[in-house]
There are 2 protein chains.
Amino acid sequence: MSTILDIAKLAGVAKSTVSRYLNGGSVGEATKKKIEQAIQETGYSPNPFAQSLKAKKTNIIGTIVPRLDSYASSQTLIGIDEQLKKLNYQMLISNTSQNLEREIESIYSFANQKMAGIILLATEITDQHIQAFESVKIPVLLIGQEHKNFHSLIHDDYDAGYAMGQYVLEKGYRKIAYLGVTERDISVGVKRKQGFKRAIQEVEDCDVRFYETLFNIPAAQASAKEIIHEFKPAIFVCATDNIALGVLKASYSEGITIPRDLAVTGFGGYDVTGIIHPGITTAKFFYKEAGETAARHIVELVNERTVEKITVSKFEIIERESVDNLLKRPL
Amino acid sequence: MSTILDIAKLAGVAKSTVSRYLNGGSVGEATKKKIEQAIQETGYSPNPFAQSLKAKKTNIIGTIVPRLDSYASSQTLIGIDEQLKKLNYQMLISNTSQNLEREIESIYSFANQKMAGIILLATEITDQHIQAFESVKIPVLLIGQEHKNFHSLIHDDYDAGYAMGQYVLEKGYRKIAYLGVTERDISVGVKRKQGFKRAIQEVEDCDVRFYETLFNIPAAQASAKEIIHEFKPAIFVCATDNIALGVLKASYSEGITIPRDLAVTGFGGYDVTGIIHPGITTAKFFYKEAGETAARHIVELVNERTVEKITVSKFEIIERESVDNLLKRPL
DNA sequence: GTTTATTTCGGAACCGGTTCCACTTATTGA
DNA sequence: TCAATAAGTGGAACCGGTTCCGAAATAAAC
C-alpha cells in the first residue's frame, strides 16, 4: 500500500502539495498532472485512519437498531444506507438485540469512535439515553419516537390511527377489539391508540374494548384467542402487523374464517401482509423513505445546518381482504 | 476527550509507560496505581484511529451482504454480530443491494479501511471477486457458496435437496414441477436440484419437469401460473421459500386449494412459512448458527490459525400443511 | 561489596495524513 | 520600473497512539 509520501516522491513534490491537491488547495497545472499520474500508477488512496486522526472526526454515521430481523428495521436501514452513500457518508450498524443497555453502550462506543452523527431507531427513550446523548456531544437523530431534547423523524402514528378508525367505522364495524401494546412505546402504544380513539368518539353506539399484548406473534395469538371467546369482537384493530398476524393464527386455530366471521387490521405495511391470503388491511408507513430523510437530516446536523426538530413521515391505508364491507353484505 | 499524554501527566509518568500499562508491558506496582487512578478520573479511552494508524489493522470484520431485507441475510448477520462481539471484534456491514459491482467495490473499500477480515454472503463468485480478494490479501470467508480458492461455509444444499426429494416421493407425489433458479447460483440453482434429482432417480414412473424462475415472489407467481395450466403438477418443489410463496399466491388467484389440489414445498425455513396458513413444508437452514460459525472461523483466519476449507451447516425438513399425504387419502 | 542480570521507565522515532507559515515566483497596477 | 499582491510550493509541527532503545534502579549472584 502506498502512502502520500510515495506519491510525493514519484511526482517530485512535497507531501503537503499532494495533500493540497487531494483537498482542493491551490496547485499549479503542471504539478497537478504529475500528481495525477503518480496516483494513477500506484492506485493510491489515502489512509482513512490518518485522516480521521487529524480531523478528529469521521464521515461515518453510527446507526443503532434494536433488531435486524424486522421489516421496519431493514427497510429503514436500506433507506439510510443508500442516502448516506450518495452524500459520501458511511453507515455503521450497531445491533442491540432489543437490549436497552446495549443501546447506551453503543452511544458511548460511537462517540469513542468519533462518529460524525448517530441515528437511533428508537423504541423507548430513557433518562440514560438522554444523559448519554448529552454527554457525547454528537448530533443525534431519533427515528420512530419523538423527544423534546432531540431531532426526530416519526411516522404519522396519530393520524394513521385516526384514519384506521374512520376506515373501520365506515365499513360498518361497531364491536371492536383494539389490541395494542405498552404505553412506554409512545408511537405505537400511545399515538396510534389516541388517533383511533378520536375516530371512535365521532360516532355513537360503538362497543370498543382496549387490550394490551406484546410485540411478538405467539403472544398476540394467545391474547387474541382469549379475547375472541370473552368479547367476540367483529374486528380486531391491531397496533402492529405482527399482532395482526397473531390474530390470524388464533382465528385459524379456532376455526374462524376471515373476513366472514372476523375482520383484522394492522399497522406497518410489512411485506408479508400482502403476501399471505387473505391479505391484511393495514396502515402502511414508508420506512425506506423515512430512512432516506433521516440520512439527509443527520448529515445536515453534522454540518451544523438547521433542520426542523420533528419531521413527520406519511402513511397510507392499504385495503385488503381481511376486512369486509358489512354495509354491503346481503342480509 | 483526554489523550494518553493527559494521563501520563496526571500520573507523572511518560506516555510510553501509560501505553505499556494499557498493553500489558512491565510496569511497577506503584506506577500502575497512579495510572489506574488517572484513567478513572478522566474516563480515558484510547483513540482507535491512532491505534489503527500504527497497527495498520483494525479489529473490524467487514461483512458484505447482497440485501438486508431477507430473512436469511438478517439471521446470518445476527449470528455473525453476536459471535464477533464475544470475540472482541466488530462487524461492519456493507449492503450492496444485489449489485455485483458494489460487492467488488466493497472489497477494495474494506481493504482500504484495513479491515481485519471479510465475510461475503455470496450469491455468485465472478472472476472479479477472485481478483479482488487475491489482490487485497485479507482473510476472506464465503457464506452460502463454495469456491476452491477460499474458505467457505455452506448450507447442506445437496443433502437437503435429496431429503426433500425423498420426502415428496414418500408422500406419494409423482407428478412434480421443480421450480428452480439460475445455475449461476451454485448452491441454490445447482446443488439443491442435483440432490433432488438423485432422489427422483431412485424411483420409477415419475413425471418431473424442471423450470427456472427468478428469486422474487411476483416472478415466481407468474411462472407458477403458467406451469399450473400447462403441466398441472400435483406438487411444486420450489428452490426457495419465496418462490413457494409465489406459487401459493398463484394458486389462490387460480382458485386452487392447497394442499387438496396442489402441494408446495420450499427451502430456507423463513419465519413467514410458519406464520401463514397453510404453513409451507420446507428445508430449514440454520442461518444464525451459520453466522456464528462464520464469525469464529474468520477470527481464526485473521489470527493465522488453520480452519477447514469448507464447513457444511446442517438442515432439517419441517413438515407443515402445504403437503398432504396422498397415500392416506380416502379414495 | 562488586559484578551481573532483570525490571522499570523515559526519550525519541514512527504511523500517514493535514495545515500553518514562510519563502519564491509570477502578476498586476501605478 | 518598482512596489504590492496573489499564486504555488516546501518544511515543519501536529493528531494520539505504539515500540524500540538505552539509562537508571533494583535484585540476584558470587
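No experiment lies behind these values; they were computed from the predicted model shown. Throughout, protein chains are lettered first and strands after them, A, B, ... in sequence-line order, and every chain is numbered starting at 1. When reading the values below, keep in mind they use all heavy atoms of this one structure, side chains included, and skip hydrogens, waters and symmetry mates.
For B/His129, there are no ring pair (Phe, Tyr, Trp, His ring centres under 6.0 Å) partners, not counting sequence neighbours. Taking the side-chain hydrogen bond (donor to acceptor under 3.5 Å, both in side chains) definition, one finds that A/Gln98 meets it with nothing, sequence neighbours left out. Partners of B/Gln40 under the side chain to side chain contact (heavy atoms under 4.5 Å, CB included) rule, at least two apart in sequence or in another chain, do not exist in this structure. The side chain to side chain contact (heavy atoms under 4.5 Å, CB included) test applied to B/Asn23 returns B/Ser19, not counting sequence neighbours.
Listed by first then second residue, pairs satisfying salt bridge (charged side-chain N to carboxylate O under 4.0 Å, His left out) with a partner in residues 289-307 of chain B read B/Glu300-B/Arg305, not counting sequence neighbours. The list of ring-ring contact (aromatic ring centres under 6.0 Å, His included) pairs with a residue in residues 19-46 of chain A, not counting sequence neighbours, is empty.
Note on the helix from C/dG1-D/dC30 to C/dA30-D/dT1: angle between the axes of the first and last five pairs equals 40°, rounded to 10 degrees.
For the segment residues 43-55 of chain A, residues with any heavy atom less than 4.0 angstrom from an atom of DNA chain C are, sorted by number, A/Tyr44, A/Pro46, A/Asn47, A/Ala50, A/Gln51, A/Leu53, A/Lys54. Within residues 8-18 of chain B, the residues approaching DNA chain C are B/Gly12, B/Val13, B/Ala14, B/Ser16, B/Thr17, by heavy-atom distance under 4.0 Å.
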Could you list the protein-to-nucleotides 21-28 of chain D atom pairs, N/O on both sides, closer than 3.5 Å?
none

For residues 104-122 of chain B, dump all side-chain donor-acceptor pairs below 3.5 Å to protein atoms at least two apart in sequence or in another chain.
residue  : atom : partner  : partner atom : Å
B/Ser106 : OG   : B/Ser94  : OG           : 2.8
B/Ser106 : OG   : B/Arg102 : O            : 2.8
B/Ser109 : OG   : B/Gln113 : NE2          : 3.1
B/Asn112 : OD1  : A/Ser45  : OG           : 3.2
B/Asn112 : ND2  : A/Ser45  : OG           : 2.8
B/Gln113 : OE1  : A/Gln90  : NE2          : 3.1
B/Gln113 : NE2  : B/Ser109 : O            : 3.4
B/Lys114 : NZ   : B/Asn112 : O            : 3.4

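Judged by distance alone, with hydrogens and angles left aside, the side-chain atoms of A/Ser73 form a donor-acceptor pair with the main-chain N or O of A/Arg67 at under 3.5 Å. When atom types are taken as modelled, the side chain of A/Ser52 and the backbone of A/Phe49 share no donor-acceptor pair closer than 3.5 angstrom.
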Which is it for A/Lys33 and A/Ile35 under the side chain to side chain contact (heavy atoms under 4.5 Å, CB included) test, yes or no, and what are the steps along the way?
-> CA-CA 5 Å; A/Lys33 290 266 183 296; A/Ile35 295 174; over 6 Å; no
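Running 5' to 3' along DNA chain C, contacts with non-hydrogen atoms of chain A at under 4.0 Å begin and end at C/dG16 to C/dT19.
For the OP1/OP2 pair of D/dT9 and a distance below 4.0 Å, the side-chain nitrogens and oxygens of A/Thr31 include at least one atom meeting the criterion.
Remark: the A/Asp271 side chain and the A/Gln75 side chain contain no N/O donor-acceptor pair separated by less than 3.5 Å.
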